[in-house]
Amino acid sequence: MNLFETIRIALNGLATNRLRAVLTTLGIIIGVGAVIALVSLGRGVENYISGQFEALGSNVLFVFSAPPATGSENGIQPITTVEAEDLANPTIAPSIQQIALEYQIGGTVIAGSKRTVIPISGVTPNFSEVRNWVTREGAFITQSDLDSSSRVAVLGTTIVDRLFGSKDLNPIGQQVRINGFVFNVIGVLEERASGFFGDENDVVFIPLTTAQTRLSKSRTRDGGYQVSVFHVQARSKEVMDSAVNEINAYLSTAHNIEFRGEEDFQIINQADLLTSLGRITGVLTAFLALIASISLLVGGIGIMNIMLVSVTERTREIGLRKAVGARGLDIMSQFLIESVVLSILGGLIGVALGWVGTLIGGVLAPDLELSVTLDAILLATIVSSAVGIIFGLYPAGRAARMRPIDALRFE
Amino acid sequence: MFNWFSKNGKHKTEPERPTERRVVIDVQDVTKVYKMGEVEVHALRGVSLQIYEGEVVSIMGPSGSGKSTLMNILGCLDQPSSGIYRLDGVDVSVMPEQDLARIRNKKIGFVFQSFNLLKRTSALRQVELPLIYGGTSGRGKKARAALEAVGLGQRLDHLPSELSGGQQQRVAIARALVNEPAMILADEPTGNLDSRSGTEVMQIFQSLNREKGMTTVFVTHDPWIARHTQRVIMLRDGIIIADREVANPLIAGEVERPSEAEELEGLFRDAYYGGKKEEYN
Ligand SMILES: Nc1ncnc2c1ncn2[C@@H]1O[C@H](COP(=O)(O)OP(=O)(O)OP(=O)(O)O)[C@@H](O)[C@H]1O
Ligand SMILES: [Mg+2]
């Protein structure tokens with residue numbers, strides 16, 4: 001009895017009940033399709049998010065004030081312009097290329113009859129370089145704007161839209177009121193595609209000094225001004241860790257930090273963000289895969305159910321086959337092949353379905369760059385044939401163990 | 001009823017026969033007990049018999065006497081509760097199932113009362129089945145030859161649903177003989193057939209015996225069928241109560257079976273012909 005004959009018998013067995021075979025595989029089809037589609041969706045989201053973070057600039061660190069992990073009762077000492085100047089000094093922090101400063105205050109912006117409430121960012125001129133902000137019209141904040149604390153503003157397109165009625169308008173030369181002060185609009189930023197961080201065009205930039213001195217009083221004990229975020233550009237990706245250490249060492253001294261955990265500032269490395277986000281999206285993907293696997297399991301149980309029905313239904317056939325010389329192994333392989341053929345068939349159709357689903361997803365969410373990977377297909381095929389074997393084993397074993405005379409007498 | 005038994009046997013249960021003939025079936029004190037929960041059914045209570053190569057034997061007996069039980073043991077479909085069964089000199093009463101499958105395949109052709117053909121499978125494929133499980137080559141040719149031998153050369157591609165009962169049983173016979181077994185066992189092969197189809201089936205068995213010396217064992221309830229065999233074994237309540245040779249076995253189809261009308265003759269009181277209607281009241 002060769003394999004070819006067994007396969008032929010198994011296929012004939014399936015062919016006699018086509019509709020049932022198809023319905024049986026439905027569970028596997030859906031399961032595998034879901035695995036393929038959801039895994040590629042999960043991967044797409046992962047890639048998308050890490051892509052967004054890389055766009056931040058891979059050698060940028062963020063430093064900001066934060067309550068100490070130990071919950072120390074001393075008040076938080078803010079980070080200041082003086083500290084930033086020190087850190088920009090290569091003898092103190094040789095790994096740092098430059099630092100862009102940002103000081104955020106709450107603001108109300110009014111143009112004509114329209115108003116919007118939004119955090120206003122006072123920034124240094126190099127902010128545009130460190131954070132890749134390019135102006136669409138006009139210019140970014142300059143050193144002389146900074147030196148004279150001039151009342152000029154650079155607007156994101158969303159703000160232009162809200163204040164002037166259309167984001168395509170050119171508002172340069174117009175005036176807006178920010179917290180009661182009149183500002184000249186000197187530039188409009190290039191629109192950024194909204195992504196993981198939400199709408200990034202929802203910004204108003206003014207000179208750092210203007211924010212620190214005119215819109216608020218943010219002097220600090222060290223004679224400088226308070227800053228919300230240091231956007232630190234390291235000399236290269238490779239020296240990110242030493243940059244972190246240098247900042248840590250300097251700020252710990254400046255803030256009189258004696259023990260780890262008492263730091264009242266936080267340094268965020270993009271790589272850290274990426275790994276923790278990767279962990280989240282990884283969990284997301286695993287979760288999707290789990291849900292899909294559950295439907296595979298259900299599909300497998302469906303196959304087992306139908307195979308058990310089929311074995312019972314064909315008890316007399318089994319008896320007859322045994323009576324003319326079929327061994328237990330022959331019967332076993334006949335039914336096992338049936339269930340494996342069913343599940344592989346379902347797996348292949350499922351792959352096709354998952355593929356189609358992925359293509360549709362790609363059309364609906366073009367940012368995600370969804371694609372079906374070979375490993376997902378291999379996995380689905382292996383898993384579905386494993387499902388066929390595992391869930392076919394019991395019914396096939398039951399058929400194989402039947403005594404010929406009992407099987408023949410079965411009504 | 002059994003006046004066609006020969007009276008020259010030495011023992012009632014052990015007919016004389018030439019010594020050079022080989023024993024195909026050798027059953028020694030075989031019993032079969034079915035356990036149905038608390039109740040034990042003794043289907044066979046100690047059966048011993050020998051069947052020789054080339055014999056055509058019928059097993060008779062009332063319903064429930066253990067005929068099918070015995071046949072299933074002879075056909076290696078079931079195993080005895082105790083006792084020894086040697087088939088072609090090999091003790092098969094304690095053989096593992098895997099080896100029994102091989103014996104069923106190579107040495108035994110079993111014919112069932114209910115044909116037991118596979119649904120939606122052509123006659124040719126049905127007959128190929130034992131060859132497939134036996135790993136035999138040249139299947140198509142052998143299966144076709146077997147079907148031709150039972151007169152179904154023109155029905156190779158027919159499905160069971162496209163064949164008459166007699167034809168279906170002939171397919172089953174072709175399936176039984178295609179592997180050239182040592183013997184054919186048939187449990188009431190004509191039980192589901194009309195007398196004409198029954199006679200055809202008997203003709204096939206007889207010619208197989210005549211031409212190939214095929215050992216054949218039948219179960220039948222029909223004395224007319226039994227008269228076509230050489231030897232009759234009577235079972236009752238799981239034991240052999242008679243084992244005799246048939247004096248002049250009939251050749252199937254040669255002697256016309258008494259028609260039903262003839263058999264019914266003498267059954268009735270004198271028929272009433274003519275007369276007036278009122279006489280029935
Ligand atoms: N699988 C079984 N389980 C329990 N009892 C059984 C089984 N098979 C047969 N028997 C019992 O064994 C006895 C003999 O049965 P068997 O089928 O051999 O009779 P038989 O002579 O073939 O009868 P029939 O002429 O009606 O076919 C009966 O009493 C029957 O009830
Ligand atoms: Mg019976």
Side-chain angles (χ1 to χ4, degrees), chain A residues 1-22 306 309-338 341 396-411, chain B residues 32 34 43 68-80 96-122 125-137 139 143 159-160 172 174-179 181 185 187:
Chain A
M1 178 82 184
N2 59 30
L3 189 65
F4 175 73
E5 275 300 336
T6 317
I7 290 175
R8 190 161 121 171
I9 289 173
L11 289 181
N12 279 340
L14 290 177
T16 54
N17 222 327
R18 284 197 195 87
L19 180 64
R20 185 159 84 185
V22 169
I306 288 298
V309 169
S310 166
V311 165
T312 309
E313 238 177 34
R314 287 152 73 188
T315 301
R316 281 177 70 93
E317 174 191 327
I318 294 165
L320 185 270
R321 287 180 184 278
K322 290 198 157 189
V324 300
R327 289 161 306 159
L329 197 68
D330 296 326
I331 301 295
M332 179 103 183
S333 29
Q334 176 188 336
F335 283 94
L336 211 51
I337 287 175
E338 274 192 30
V341 165
R398 216 156 105 158
R401 276 193 306 276
M402 283 180 183
R403 281 167 14 102
I405 188 61
D406 296 337
L408 276 169
R409 237 195 312 244
F410 182 82
E411 289 303 330
Chain B
K32 183 72 190 181
Y34 292 110
S68 294
T69 305
L70 178 60
M71 284 298 271
N72 293 335
I73 290 171
L74 294 185
C76 295
L77 295 171
D78 204 355
Q79 287 183 302
E97 165 60 28
Q98 184 145 325
D99 301 340
L100 287 178
R102 193 171 165 73
I103 288 195
R104 288 196 293 268
N105 183 255
K106 297 284 180 209
K107 301 213 163 173
I108 298 166
F110 213 105
V111 179
F112 305 88
Q113 178 174 359
S114 53
F115 319 143
N116 272 330
L117 298 180
L118 298 183
K119 280 179 284 181
R120 282 174 269 209
T121 306
S122 73
R125 292 284 297 167
Q126 309 265 7
V127 177
E128 278 183 6
L129 215 54
L131 301 172
I132 289 173
Y133 288 119
T136 320
S137 56
R139 289 198 277 272
L159 303 180
R175 181 179 64 194
L177 61 86
V178 70
N179 237 349
L185 302 175
D187 193 351

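Proteins come first, then strands; the chains are lettered A, B, ... in the order of their sequence lines, and each starts at number 1.
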Distance in Å, [X] [atom1] paired with [Y] [atom2], rounded so as to fall on 0.5 Å steps:
| X | Y | atom1 | atom2 | result |
| --- | --- | --- | --- | --- |
| B/L118 | A/E317 | CG | CD | 5.0 Å |
| B/L100 | A/R327 | CG | CZ | 13.0 Å |
| B/S68 | A/I405 | OG | CD1 | 8.0 Å |
| B/D187 | A/L408 | CG | CG | 11.0 Å |
| B/Y133 | A/I331 | OH | CD1 | 4.5 Å |

* Asked: Which region of A/R314, side chain (C-beta onward) or backbone (N, CA, C, O), has a non-hydrogen atom less than 4.5 Å from a non-hydrogen atom of chain B, or is it both or neither?
  ->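 No part of it gets close to chain B.
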
Picking from [options], which has the most non-hydrogen pairs under 4.5 angstrom with chain A?
| options | answer |
| --- | --- |
| B/A101, B/S114, B/C76 | B/A101 |
| B/R102, B/R175, B/Q98 | B/R175 |
| B/A176, B/P130, B/P181 | B/P130 |
| B/N179, B/T121, B/L129 | B/L129 |

* Check whether any side-chain N or O of B/N105 sits under 3.5 Å from a backbone N or O of A/V324 as a donor-acceptor pair, and report yes or no. =>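 A pair under 3.5 Å: yes.
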
* Does the B/R104 side chain pair with the main chain of A/K322, one donor and one acceptor, at a distance under 3.5 Å? ->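 Yes, B/R104 side chain to A/K322 backbone: donor-acceptor pair under 3.5 Å.
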
Minimum side-chain heavy-atom gap [X]-[Y] below 4.5 Å:
| X | Y | result |
| --- | --- | --- |
| B/K119 | A/T16 | no |
| B/F112 | A/L320 | yes |
| A/N12 | B/R125 | yes |

* Using a strict cut-off of less than 4.0 Å between a Lys/Arg side-chain nitrogen and an Asp/Glu carboxylate oxygen, indicate whether A/R401 and B/E97 qualify as a salt bridge. =>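 No salt bridge links A/R401 with B/E97.
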
* Toward chain A, the part of B/N116 with a non-hydrogen atom under 4.5 Å ->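 Contact with chain A involves both backbone and side-chain atoms of B/N116.
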
